[in-house]
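If you're wondering where the values come from, they're calculated on a predicted model, not measured in any experiment.
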Amino acid sequence: MGKTKTLAGALLAVATLTVTGCSGAGAPSAETASAPTDAKKVTGSITVLTQRTDLIKSGAMAAYAKNFRKIYPNVKVKFEGLTDYEGEVKIRMNTTHYGDVLMIPAAVAKNDYPRFFAPLGSTETLSKKYRFSDKTAVNGKVYGVAQFGTANGFVYNKAVWNKAGITQWPKTPQEFLTALGAIKDKAGAIPYYTNFHDGWPLVQWAGNVGSVTCDKDASNKLAGATSPWKTGSELNVTDTLLHDIVKDRLSEKDPNTTNWEESKNLVAKGKVGAMMLGSWSITQMQQAAEAAGGSKDDIGFMPFPVQKNGKFCATLVSDYQQAVNVHSEHKEAARAWIDWFTEKSGYSAKEGAVPTVKSSAMPSTLKGFVDNDVTFTERSESETAKVNDIDKASEIGLNTPDYRQKLVDIARGAQKGNLKDFFADLDKRWNEAAQTAGS
């Protein structure tokens, strides 16, 4: 994963796997991993699992640990970088040895969090301080704290859009399609890049649930027989736009040949107009632009093309949540790391991400959103467990690439079908699953 997929936790918010069995986990301690009150009395050696192998190789994580030890001199921090984080940690969690601090894998069902992680405090208390607390809340206790959050939207090359004569953000899906058409005709660039082959970038579209209606409970409202793809719904509007982009030939010619790493260079060099991604991607695109001899100022970020009461909305969703292994012998030291990394390390600011701490300012990467009065909507995930159950039973995979890859294939004629029937089938499967899920 490394720096190419920092939002993996959010992308996999609706998981279809469950960790089974856990030798040694029959009766784990329910001891709360409380926040330390005296830094000098906190002791122990802790292992922190991370997908950021790039930051381990660059020495950045070691630098974080060095700064941490200035405050907690008696705590030693060791990092384990895992390339296939989800796959490797899922296996390790069948033992008691899965680090002291780890990011909660999507494979773990929310209701199972108390089996694997130590509670960090009450939902009532932590939600006042941190964003996204309800994502890991079970029975009034929080089991994980987000590393950071992200806003959803389109990363784009300003120079390409200006060349096509587009200087204002599109306010409707049709205006967005018209703008892409102008890019195709006037700018000599691929208007939109799906990143179909790698798959996971297509899941970024799921982050827009909440942007269309500016509703923080939009995701929670999927927890039932709600026909999520009915006309005017969040998923109907967002998935229709993706379908129409491809159907109108405003994306790459052969989606099977797309490449994520190369896509950053294509946007940076003005060969691609836009991609749907979280705001975590902005710094990566800026770096690519500078590496290509351009300017980071060429990279822009725009909200989903829908307005409510004359304003754009952008959902804020959580990245991976750091948790304490319920079997850790150094829970206080592990909690000290989580608190420091979240509040004092400067990690989220350096990544250009939305800070977990509510009192912190938005990053400079989202200055355009702040200056244009975009409404930030922190999406609640309090009903995630039920949504997960329905999604698993329906075999749709809201936050997996499969169903949107099929959507793209239908749009380009690679599979038989049409959008209306596709949505009707998704609604049918979802509604039927809602009647039985959890029973």
Side-chain angles (χ1 to χ4, degrees), residues 1-13 35 48-56 58-68 70-72 77 79 81 85 101-104 120 126-136 142-153 155 204 207 277-287 296 299 301 314-324 334-370 374 376-379 381:
M1 290 186 188
K3 63 183 177 182
T4 62
K5 295 191 212 176
T6 58
L7 190 59
L11 302 185
L12 295 170
V48 178
L49 307 187
T50 177
Q51 96 283 24
R52 296 303 303 268
T53 55
D54 57 312
L55 297 185
I56 291 178
S58 70
M61 293 307 292
Y64 284 129
K66 183 178 180 180
N67 289 331
F68 171 75
K70 292 177 181 178
I71 301 175
Y72 295 93
V77 181
F79 299 101
Y85 184 85
V101 176
L102 70 158
M103 299 171 300
I104 297 179
L120 304 179
L126 294 185
S127 63
K128 294 176 182 177
K129 186 176 187 179
Y130 296 136
R131 293 185 171 97
F132 319 118
S133 294
D134 64 356
K135 185 175 181 180
T136 63
V142 172
Y143 289 85
V145 175
Q147 294 188 108
F148 55 72
T150 189
N152 247 52
V155 64
Q204 299 284 290
L277 291 167
S279 58
W280 57 267
S281 66
I282 299 172
T283 54
Q284 293 186 37
M285 299 299 167
Q286 290 175 336
Q287 292 166 3
K296 69 177 185 179
I299 303 301
F301 196 67
T315 51
L316 301 182
V317 295
S318 170
D319 187 74
Y320 266 126
Q321 306 258 348
Q322 289 197 104
V324 175
R335 175 62 185 276
W337 169 261
I338 290 177
D339 286 0
W340 178 86
F341 194 74
T342 303
E343 301 173 24
K344 306 293 185 181
S345 69
Y347 176 68
S348 66
K350 191 168 185 178
E351 294 296 313
V354 175
T356 299
V357 179
K358 289 183 174 182
S359 60
S360 298
M362 284 293 174
S364 60
T365 50
L366 289 174
K367 186 177 186 300
F369 277 29
V370 174
V374 174
F376 291 107
T377 303
E378 182 185 334
R379 194 171 71 188
E381 303 288 351

Would Met362 and Val354 count as a side-chain contact (heavy atoms from CB on, under 4.5 Å) if you check the C-alpha gap in whole Å, the side-chain angles of each, and the deciding distance to 0.1 Å?
CA-CA 6 Å; Met362 284 293 174; Val354 175; 4.0 Å; yes
Verdict with reasoning, Phe132 to Glu378, per side-chain contact (heavy atoms from CB on, under 4.5 Å)
CA-CA 7 Å; Phe132 319 118; Glu378 182 185 334; 4.0 Å; yes
side-chain contact (heavy atoms from CB on, under 4.5 Å) between Tyr85 and Thr53, worked out
CA-CA 10 Å; Tyr85 184 85; Thr53 55; over 6 Å; no
Test Asn67 against Trp340 for side-chain contact (heavy atoms from CB on, under 4.5 Å), laying out the working first.
CA-CA 10 Å; Asn67 289 331; Trp340 178 86; 3.7 Å; yes
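Taken from CG in Leu120 to CD in Gln322, the straight-line distance is 10.0 Å, to the nearest 0.5 Å. The structure places OG1 of Thr50 at 8.0 Å from CZ of Phe79, a figure rounded to the nearest 0.5 Å. For the atom pair Gln321 CD and Gln147 CD, the distance stands at 9.0 Å (nearest 0.5 Å). The OG atom of Ser58 sits 8.5 Å away from the CZ atom of Arg52 when rounded to the nearest 0.5 Å. Rounding to the nearest 0.5 angstrom, the gap separating the OG1 atom in Thr356 from the CD atom in Glu343 is 9.5 Å. In this structure, Gln286 CD and Phe301 CZ are separated by 11.5 Å, a value rounded to the nearest 0.5 Å.
Taking every heavy atom of both residues into account, Arg335 and Val324 meet most closely at N-CG2, 4.1 Å. The two residues Pro355 and Ala361 make their nearest non-hydrogen contact at CG-O, 3.4 Å. Taking every heavy atom of both residues into account, Ala151 and Leu316 meet most closely at CB-CD2, 3.7 Å. What you find for Met285 and Leu277 is that their closest heavy atoms are CE-CD1, 3.7 Å. The minimum heavy-atom distance linking Phe376 with Leu366 is given by the pair CE2-CD1, 4.1 Å. In plain terms, the two heavy atoms of Tyr143 and Ile104 that are nearest each other are O-CD1, 3.9 Å.
Applying the ring pair (Phe, Tyr, Trp, His ring centres under 6.0 Å) test between Phe68 and each of Trp337, Phe341, Tyr347 identifies Trp337 as the sole match.
A donor atom on one side chain and an acceptor atom on the other are found under 3.5 Å apart for Thr150 and Ser279.
Around the NZ atom of Lys350, the shell of radius 6.0 Å holds no more than 12 heavy atoms that belong to other residues, nucleotides or ligands.
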